[in-house]
Peer 1: 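One structure, pasted below without further comment.
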Number of protein chains: 2
Amino acid sequence: MKIGELAKRSGLSAHTIRYYERIGLLPFADRDAGGRRDYDESILVWIAFLDRLKTTGMPIREMLHYAALRAEGDHTGPARRALLEAHRDRVRAHLSELQACLLVLDTKIDTYVEAEKRTQPHDDTRYSTAGDQSRARAARP
Amino acid sequence: MKIGELAKRSGLSAHTIRYYERIGLLPFADRDAGGRRDYDESILVWIAFLDRLKTTGMPIREMLHYAALRAEGDHTGPARRALLEAHRDRVRAHLSELQACLLVLDTKIDTYVEAEKRTQPHDDTRYSTAGDQSRARAARP
DNA sequence: CTAGGGGTTTGAGCGCACTCTAAGTCAAGG
DNA sequence: CCTTGACTTAGAGTGCGCTCAAACCCCTAG
């Protein structure tokens, strides 16, 4: 697999793939006869995992740490586990924070909804221009 | 309230408070006789709200948009509501993504836990130094 | 043979959200 | 009077995670 195809299949840009390799997040890729990177399917598993770490807010610094431990060998298992556990705890904490914020957001939105009800209590077609009421309603759920 | 106290009570740094004022996220503060910013308690409510938007990942750009609508007057209620609803939807989506990642993370941690059990089946007070299993590196992130 | 469309490198640039620096002002306490 | 420390400004600097530019190379199709 060339870098362009890997880019498509992984969702990263080719630029980003090279960047990740440069900083050590991806292993140095094998090269074909012409010196181009040639990837094995298996890299996709690693990229997908990195992607989850990224999605959950792990900084690249820490992913590098994990990658370094991994490269060191099986004896770093406990350290990797500890790293992931610490990260998981942070993610959980962030998750509940988000949930709390979401409640506040919902409440806030409700106050706007209520305000709109009070302002326009008897007319739910006021945005329609002609005789197309179903469309007007659909546009303002 | 001077900027230093507001910093303590809001959790923002004084630098950040000035920065937010400069970009329009906070209103221009009233000044005392000596030209220093003098804040009313009420600013804390607004800052707390901004903080929730920030926590939920809203970019400053968009907070500015919200702030601008707010400054425009009551008639922008529907627009503000729409903005918050769109944001809420994004937060919800991000939340479920995080939850999915969390499951994967848990599973991954479990495989490390299991590996440690297999390596040290009768002593969970030592770190592993032996017992190298197969090194299927690529497929084992 | 030539054009196009991949790929390669190094190194610079960008957008975001701060964060700090330098040089100065001001008010209160010893 | 003098020092201390919190404040003021404009503008520069930082850290992160990319993202792109320039100049080049190589393979294939027409």
Side-chain angles (χ1 to χ4, degrees), chain A residues 1-40 43 46-68 87 90-91 94 97 101, chain B residues 1-40 43 46-68 87 90-91 94 97 101:
Chain A
M1 198 185 346
K2 302 268 185 56
I3 199 172
E5 200 195 330
L6 179 59
K8 263 172 213 143
R9 291 179 61 183
S10 69
L12 299 175
S13 74
H15 283 310
T16 301
I17 293 170
R18 289 193 204 97
Y19 166 68
Y20 278 3
E21 179 181 310
R22 205 160 65 225
I23 65 174
L25 209 47
L26 293 180
F28 288 107
D30 294 338
R31 304 305 180 107
D32 67 11
R36 282 99 182 273
R37 290 171 182 82
D38 197 3
Y39 293 95
D40 189 273
I43 194 74
W46 175 236
I47 292 179
F49 180 63
L50 288 178
D51 217 50
R52 281 178 215 288
L53 294 181
K54 186 169 81 176
T55 296
T56 51
M58 183 183 284
I60 282 185
R61 240 181 357 279
E62 203 171 334
M63 295 188 213
L64 282 175
H65 185 190
Y66 183 87
H87 181 59
R90 286 193 302 271
V91 175
H94 184 55
E97 204 179 13
C101 286
Chain B
M1 196 187 347
K2 302 271 182 53
I3 200 172
E5 200 194 332
L6 178 59
K8 263 172 213 144
R9 292 179 60 184
S10 68
L12 299 175
S13 75
H15 283 310
T16 302
I17 292 169
R18 290 194 202 96
Y19 165 69
Y20 279 2
E21 178 181 310
R22 205 159 67 224
I23 65 174
L25 210 46
L26 293 179
F28 288 106
D30 294 339
R31 303 304 180 109
D32 68 10
R36 282 100 181 273
R37 291 172 181 81
D38 196 3
Y39 292 94
D40 189 272
I43 195 74
W46 176 236
I47 292 179
F49 181 64
L50 288 179
D51 218 50
R52 282 179 213 287
L53 294 182
K54 187 169 80 177
T55 296
T56 51
M58 184 183 283
I60 284 187
R61 239 180 1 278
E62 202 171 336
M63 297 189 212
L64 283 175
H65 186 192
Y66 183 88
H87 181 59
R90 285 192 302 270
V91 176
H94 184 55
E97 205 179 11
C101 286

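First the proteins, then the strands, lettered A, B, ... as listed; each starts at 1.
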Peer 1: Do the rings of A/Y66 and A/W46 sit parallel, tilted or perpendicular, given the 30° and 60° boundaries?
Peer 2: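 If you compare the ring of A/Y66 with that of A/W46, the planes turn out parallel.
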
Peer 1: Using atom CG of B/L12 as one end and atom P of C/dC18 as the other, report the distance to the nearest whole Å.
Peer 2: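 Rounded to whole Å, this separation is 8 Å.
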
Peer 1: Expressed in angstrom and rounded to an integer, what is the separation of B/R37 atom CZ from D/dC7 atom P?
Peer 2: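 Roughly 10 Å, once rounded to whole Å.
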
Peer 1: Just how far, in rounded Å, is P of D/dA10 from CD1 of B/I23?
Peer 2: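 Answer to the nearest Å: 15 Å.
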
Peer 1: When you compare the side chain of B/I43 with that of B/P27, does any pair of heavy atoms fall below 4.5 Å?
Peer 2: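 Side chain of B/P27 against side chain of B/I43, heavy atoms only: contact under 4.5 Å found.
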
Peer 1: If I compare all heavy atoms of B/M58 with all of B/M63, which pair ends up nearest, and what's the gap?
Peer 2: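 Shortest heavy-atom contact: O-CE, 3.1 Å.
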
Peer 1: Check the distance between C/dG7's P and A/Y39's OH and give it to me in whole angstrom.
Peer 2: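 From A/Y39 OH to C/dG7 P: 10 Å.
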
Peer 1: When we call it a touch if two heavy atoms are under 4.0 Å apart, what does B/R18 touch: a base, just sugar-phosphate, or nothing?
Peer 2: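 The residue B/R18 makes base contact.
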
Peer 1: Specify the separation, in whole Å, of atom CD1 of A/I17 and atom P of C/dT9.
Peer 2: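 Rounded to the whole Å, the gap is 13 Å.
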
Peer 1: Which letter, B, S or -, goes with each nucleotide of nucleotides 15-21 of chain D from 5' to 3', with contact meaning a protein heavy atom under 4.0 Å?
Peer 2: -SBBBB-

Peer 1: Can you tell me if A/R31 touches the phosphate of D/dC25, counting only side-chain N or O atoms and a distance under 4.0 Å to OP1 or OP2?
Peer 2: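 The answer is no; no side-chain N or O of A/R31 sits under 4.0 Å from OP1 or OP2.
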
Peer 1: Specify the closest pair of heavy atoms between B/I3 and B/A14, including all atoms of both residues, with the distance to one decimal.
Peer 2: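 Closest approach of B/I3 to B/A14, heavy atoms only: CD1-O, 3.6 Å.
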
Peer 1: In whole Å, I'd like the distance from the CE atom of A/M1 to the P atom of C/dG7.
Peer 2: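 Answer to the nearest Å: 12 Å.
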
Peer 1: What pairs of nitrogen or oxygen atoms, one from the protein and one from nucleotides 26-30 of chain C, lie under 3.5 Å apart?
Peer 2:
unit_1, atom_1, unit_2, atom_2, d
C/dC26, O2, B/R36, NH2, 3.3

Peer 1: Rounded to the nearest angstrom, tell me the gap between atom CD1 in B/I47 and atom P in C/dC18.
Peer 2: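 It works out to 12 Å between those atoms.
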
Peer 1: Determine the minimum heavy-atom distance between B/D40 and B/M1, stating which atoms define it.
Peer 2: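 Minimum heavy-atom separation between B/D40 and B/M1: O-CE, 3.9 Å.
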
Peer 1: B/D51 CG to C/dA17 C1': how many Å, rounded?
Peer 2: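 To the nearest whole Å, that distance equals 14 Å.
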
Peer 1: Just to verify, what does B/R18 make a side-chain hydrogen bond (donor to acceptor under 3.5 Å, both in side chains) with, not counting sequence neighbours?
Peer 2: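 Once residues adjacent in sequence are excluded, B/R18 has no partner under the side-chain hydrogen bond (donor to acceptor under 3.5 Å, both in side chains) criterion.
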
Peer 1: Less than 4.0 angstrom from a charged side-chain N to a carboxylate O is my criterion; do A/R31 and A/E21 meet it?
Peer 2: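 Looking at A/R31 and A/E21, the cut-off is met.
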
